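First the proteins, then the strands, lettered A, B, ... as listed; each starts at 1. If you're wondering where the values come from, they're calculated on a predicted model, not measured in any experiment.
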2 protein chains.
Amino acid sequence: MINSEEAIEELKKIVKQKGLKYTEQREIVLSILIHAEDHLSAEEVYNEIKTKHTDSNIGIATVYRALSFLEEVDLITSITFGSDGKKYESNAKSHHDHLICTECGKIVEFLDDEIEKRQERIAKKNKFKITNHSMQLYGTCEDCQ
Amino acid sequence: MINSEEAIEELKKIVKQKGLKYTEQREIVLSILIHAEDHLSAEEVYNEIKTKHTDSNIGIATVYRALSFLEEVDLITSITFGSDGKKYESNAKSHHDHLICTECGKIVEFLDDEIEKRQERIAKKNKFKITNHSMQLYGTCEDCQ
DNA sequence: TTCCCTGCAAAAGGTTTGCAGTATG
DNA sequence: CATACTGCAAACCTTTTGCAGGGAA
């Protein structure tokens, strides 16, 4: 999955398949995450909506429900960095892992094919069927050393 | 660091260095984690103490304070698996990563030298000084497929 | 028309903090 | 003897839930 329209179409399809309803709120939450530069917490998503969609009168509970739903159907992913709590990102971005500066909070995304391959091999060896994975390297970035 | 006594000695040393006090409660929390089979949440540590140290009248707040302290001085590490909340493990165990079954919660620990090496290389390329890292592979284990 | 989804507010869960007393160095 | 640490309870923050009303199919 690559862009915003495709993700929105995917959402419509999934919702239909499951006999559920397509709502503006779910679309807004998904689109916020698609266009976000950073990883956002539930509250940050809520604030974004309050700021950018002043017409929409969304409740925080709906944001939580939408996030759970979107994660369940695999349109978004959550990760937890240290004590910062749960944050979400759109799966429309291609897969990557994270380098995290524990001083300033800077996050660098990266991908290493060899690591990806070895992860598969480890899973197979342990007879796991992998659906997902996350890797975080913690340290200090150049500026903070 | 390898065994319980060494970790306790390390704790005494650190506490002394910082001009802090060595307390039974900190020692108990650390030893619980050292002897734990699993990764424990704050509340699980608290319950263990309540069960195994019936003489000690520890409060949950003290457990949280001890865990934060021990993590800060790098004697224990916290990880967060999905929605299960924060869990702690002793650093006296050697480093490893985690395979996690999203169905039954089973956790398999593993280590892959090649991945460890590549992580170092990636950090260097991005000019990060790594202090720590964690990697989780999520999926279903043999029994749950 | 059906019933899924929403907003609101209350509840729940987990973690932190203030305070007075306790115990360590 | 100074003061860091503790237990308790209250406060806090984040997330979930119950419910009545509203909107998509």
Side-chain angles (χ1 to χ4, degrees), chain A residues 8-9 11-32 39-50 53-73 75-76 78-88, chain B residues 8-9 11-32 39-50 53-73 75-76 78-88:
Chain A
I8 302 283
E9 284 314 309
L11 173 57
K12 284 184 181 161
K13 207 175 85 189
I14 289 167
V15 154
K16 197 169 197 174
Q17 263 175 9
K18 301 202 162 201
L20 303 177
K21 312 256 158 106
Y22 187 79
T23 66
E24 195 197 351
Q25 289 86 340
R26 284 174 177 166
E27 180 181 319
I28 291 177
V29 169
L30 179 56
S31 77
I32 291 275
H39 305 75
L40 303 181
S41 67
E43 199 161 355
E44 285 165 344
V45 170
Y46 178 67
N47 290 334
E48 280 273 301
I49 297 174
K50 284 288 185 191
H53 298 258
T54 40
D55 49 320
S56 162
N57 186 30
I58 202 168
I60 186 78
T62 301
V63 172
Y64 277 102
R65 284 185 283 228
L67 289 171
S68 301
F69 175 76
L70 293 170
E71 184 170 26
E72 199 179 311
V73 300
L75 284 168
I76 66 175
S78 70
I79 33 175
T80 310
F81 298 153
S83 53
D84 277 3
K86 213 180 205 176
K87 303 212 167 189
Y88 293 87
Chain B
I8 302 284
E9 284 314 308
L11 173 57
K12 284 184 181 161
K13 206 176 87 189
I14 290 167
V15 154
K16 198 169 196 174
Q17 263 174 10
K18 300 202 162 202
L20 302 177
K21 312 246 158 117
Y22 187 79
T23 65
E24 194 196 353
Q25 288 86 341
R26 284 177 178 164
E27 180 181 319
I28 292 177
V29 169
L30 179 56
S31 77
I32 290 276
H39 304 75
L40 303 180
S41 67
E43 199 160 355
E44 285 165 344
V45 170
Y46 178 67
N47 290 334
E48 280 273 301
I49 297 174
K50 284 288 185 192
H53 299 257
T54 39
D55 49 320
S56 162
N57 186 31
I58 202 168
I60 185 78
T62 301
V63 172
Y64 277 103
R65 284 186 281 228
L67 289 170
S68 301
F69 175 77
L70 293 170
E71 183 168 26
E72 200 178 310
V73 302
L75 284 168
I76 65 175
S78 70
I79 31 175
T80 310
F81 297 153
S83 53
D84 278 1
K86 213 180 205 177
K87 304 212 167 190
Y88 294 86

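We find that CG of A:Asn57 is positioned 17 Å from P of D:dG21, with the value rounded to whole Å. Counting to the nearest Å, the P atom of C:dC5 and the CD1 atom of A:Ile28 are 16 Å from each other. Atom pair B:Phe69:CZ and C:dT15:C1' shows a separation of 19 Å (rounding to whole Å applied). Rounded to whole angstrom, the span from the NZ atom of A:Lys86 across to the C1' atom of C:dG14 amounts to 14 Å. One interatomic measurement links the two molecules: OH of B:Tyr46 to C1' of C:dG13, which rounds to 15 Å at whole-angstrom precision. Atom pair A:Glu72:CD and C:dC4:C1' shows a separation of 15 Å (rounding to whole Å applied). For the pair A:Asp55 CG and C:dG7 P, the computed distance is 12 Å after rounding to whole Å. Distance CD1 (B:Ile58) to P (D:dC8): 10 Å, rounded to an integer number of Å.
Defining each end axis of the helix from C:dT1-D:dA25 to C:dG25-D:dC1 as the rotation carrying four pairs' C1' atoms onto the next four, with five pairs an end, the two axes are found to diverge by 40° to 10 degrees.
At a threshold of 4.0 angstrom between heavy atoms, the contacts of B:Ile60 with the nucleic acid are absent.
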Result block: side-chain N/O donor-acceptor pairs under 3.5 angstrom for residues 65-72 of chain A, not counting sequence neighbours:
unit_1: A:Ser68; atom_1: OG; unit_2: A:Tyr64; atom_2: O; d: 3.0
unit_1: A:Glu71; atom_1: OE2; unit_2: A:Ser78; atom_2: N; d: 3.2
unit_1: A:Glu71; atom_1: OE2; unit_2: A:Ser78; atom_2: OG; d: 2.7

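Considering all non-hydrogen atoms of both residues, B:His39 and B:Ile79 come closest at CD2-CD1, 3.4 Å. The two residues A:Ile60 and A:Glu43 have their closest heavy-atom pair at CD1-CA, 4.4 Å. Taking all atoms of both residues into account, the shortest heavy-atom contact from A:Leu40 to A:Glu44 is CA-OE1, 3.2 Å. Heavy-atom minimum distance, B:Ile58 versus B:Lys50: O-NZ, 3.6 Å. The two residues B:Tyr22 and B:Val15 come nearest to each other via the heavy atoms N-CG1, 3.5 Å.
Within the 4.5 Å cutoff, the side chain of A:Ile28 has no heavy atoms near those of the A:Thr23 side chain. You'll find the side chain of A:Glu48 stays beyond 4.5 Å of the side chain of A:Tyr46, heavy atoms only. Side-chain atoms of A:Val63 and A:Gln25, non-hydrogen and from C-beta on, never get closer than 4.5 Å to each other.
Dashed line: the shortest gap from a side-chain N or O of B:Gln25 to OP1 or OP2 of D:dG7 is under 4.0 Å.
Each of B:Gly19 and B:Val63 was assigned the nucleotide of DNA chain D with the nearest heavy atom; the assignment lying further toward the 5' end belongs to B:Gly19. When each of B:Gly59 and A:Ser68 is assigned the nucleotide of DNA chain D with its nearest heavy atom, B:Gly59 is the one assigned upstream, toward the 5' end.
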Exercise for review: Could you encode protein contacts along nucleotides 19-25 of chain C as a string, one character per nucleotide from 5' to 3', using B for base contact, S for sugar-phosphate-only contact and - for no contact, with a heavy-atom cut-off of under 4.0 Å?
Suggested key: -----BS
